[in-house]
Amino acid sequence: MTQEVGKVSARVISLLGSSLQVDQPIYLGPSNIAHMQSRHPADFVKYGQYIPQILAQPDYVGENPSDGSIEYVKDFQVNGEFVKVAVRLSGGGTLYARSLYVLNPSRVNNFIQKGTLKKV
């Protein structure tokens, strides 16, 4: 069953210079969950339950230049891991959480220094 797991905030739209609508819903469907479980099973088991929190309170956001997806990144202080949820616009104009996985900390710091990831 597809469910709403977040909304795009005015802050994220402003940081990214996006044309998305404020409070546009972000959904998570069965095919998205299956993709996350098959591609990054351990990360999904550990952080899947936090998808709404990551979308609501990211530490960093960025836009992936290759596919235009919005990258929501949360720094889980307890584990010292940066977890990314990528949100992509479907052909029909609906936003879906498409992937979730732990990022390499040195890459995250590099993206922050380059300005690719912006502090929320």
Side-chain angles (χ1 to χ4, degrees):
M1 181 173 123
T2 299
Q3 59 186 348
E4 185 178 315
V5 290
K7 292 184 184 299
V8 180
S9 70
R11 176 80 174 135
V12 168
I13 289 170
S14 172
L15 282 170
L16 300 178
S18 172
S19 60
L20 294 171
Q21 299 299 311
V22 173
D23 290 336
Q24 186 168 343
I26 300 169
Y27 295 98
L28 181 65
S31 64
N32 307 123
I33 292 169
H35 174 79
M36 293 175 191
Q37 289 173 326
S38 70
R39 295 295 296 266
H40 306 281
D43 294 345
F44 184 79
V45 166
K46 194 171 185 180
Y47 293 109
Q49 67 197 11
Y50 298 109
I51 291 172
Q53 179 190 341
I54 295 167
L55 295 174
Q57 300 170 325
D59 292 306
Y60 301 94
V61 292
E63 188 172 345
N64 185 320
S66 65
D67 64 13
S69 63
I70 302 172
E71 301 178 340
Y72 288 80
V73 177
K74 184 80 177 162
D75 180 0
F76 280 85
Q77 298 288 337
V78 175
N79 304 337
E81 293 181 318
F82 290 97
V83 180
K84 174 173 115 173
V85 174
V87 173
R88 195 169 307 149
L89 198 59
S90 73
T94 303
L95 290 170
Y96 286 97
R98 289 282 301 136
S99 57
L100 171 143
Y101 52 92
V102 173
L103 295 166
N104 175 316
S106 61
R107 282 194 64 194
V108 171
N109 290 320
N110 191 18
F111 289 146
I112 292 166
Q113 288 174 352
K114 283 202 274 183
T116 310
L117 280 176
K118 297 168 177 29
K119 181 91 173 127
V120 175

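- Gln3 contributes atom CD, which lies 10.5 Å from atom CG of Asn32 (distance to the nearest 0.5 angstrom).
- At a threshold of 4.5 Å between side-chain heavy atoms, the hydrophobic network of Ile, Leu, Val, Met, Phe, Trp and Tyr places Leu103 and Phe111 in one connected group.
- Shown here is Glu4, whose CD atom has more than 12 heavy atoms of other residues, nucleotides or ligands within 6.0 Å.
- Ring centers of Phe76 and Tyr50: under 6.0 Å apart, within the cut-off.
- Side-chain heavy atoms closer than 4.5 Å link hydrophobic residues (I, L, V, M, F, W, Y) into clusters, and following such links, even through other members, never connects Phe82 to Ile54.
- Note that CG of Leu15 and CG of Leu117 are 11.0 Å apart. Values are rounded to the nearest 0.5 Å.
- Separation of atoms OH (Tyr47) and NZ (Lys74) is listed at 12.0 Å; rounding is to 0.5 Å.
- Connection of Leu95 to Ile13 is established within a shared hydrophobic cluster, with ILVMFWY side chains joined at heavy-atom distances below 4.5 Å, either directly or through further cluster members.
- Each of Val73 and Leu16 belongs to its own hydrophobic cluster when Ile, Leu, Val, Met, Phe, Trp and Tyr are linked at side-chain heavy-atom distances under 4.5 angstrom.
- Shortest non-hydrogen contact noted between Leu28 and Ala97 is CD1-O, 3.7 Å.
- Two residues are said to be in side-chain contact when any heavy atoms from C-beta on lie closer than 4.5 Å; Ile51 and Met36 meet this criterion.
- Separation of atoms NE2 (His40) and NE2 (His35) is listed at 6.0 Å; rounding is to 0.5 Å.
- Side-chain contact between Ser69 and Val87 is absent, with no heavy-atom pair separated by less than 4.5 Å.
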Passes side-chain contact (heavy atoms from CB on, under 4.5 Å), Leu20 versus Ile70? Steps please. CA-CA 11 Å; Leu20 294 171; Ile70 302 172; 3.3 Å; yes
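- For residues 92-104, the pairs satisfying side-chain hydrogen bond (donor to acceptor under 3.5 Å, both in side chains) are Lys84-Tyr101, Asn104-Ser106, with sequence neighbours left out.
- Placement of Leu100 and Val12 within a single hydrophobic cluster is found when ILVMFWY residues are connected by side-chain heavy-atom separations under 4.5 Å, directly or transitively.
- Residues Pro58 and Val120 share a closest heavy-atom pair of O-CB, 3.6 Å.
- The shortest distance between side-chain heavy atoms of Leu89 and Gln24 falls below 4.5 Å.
- Thr2 and Tyr27 make their closest contact through CG2-CB, 3.8 Å (heavy atoms, listed as atom of the first residue, atom of the second, distance).
- Distance check: Asp59 CG to Asp75 CG gives 5.5 Å after rounding to the nearest 0.5 Å.
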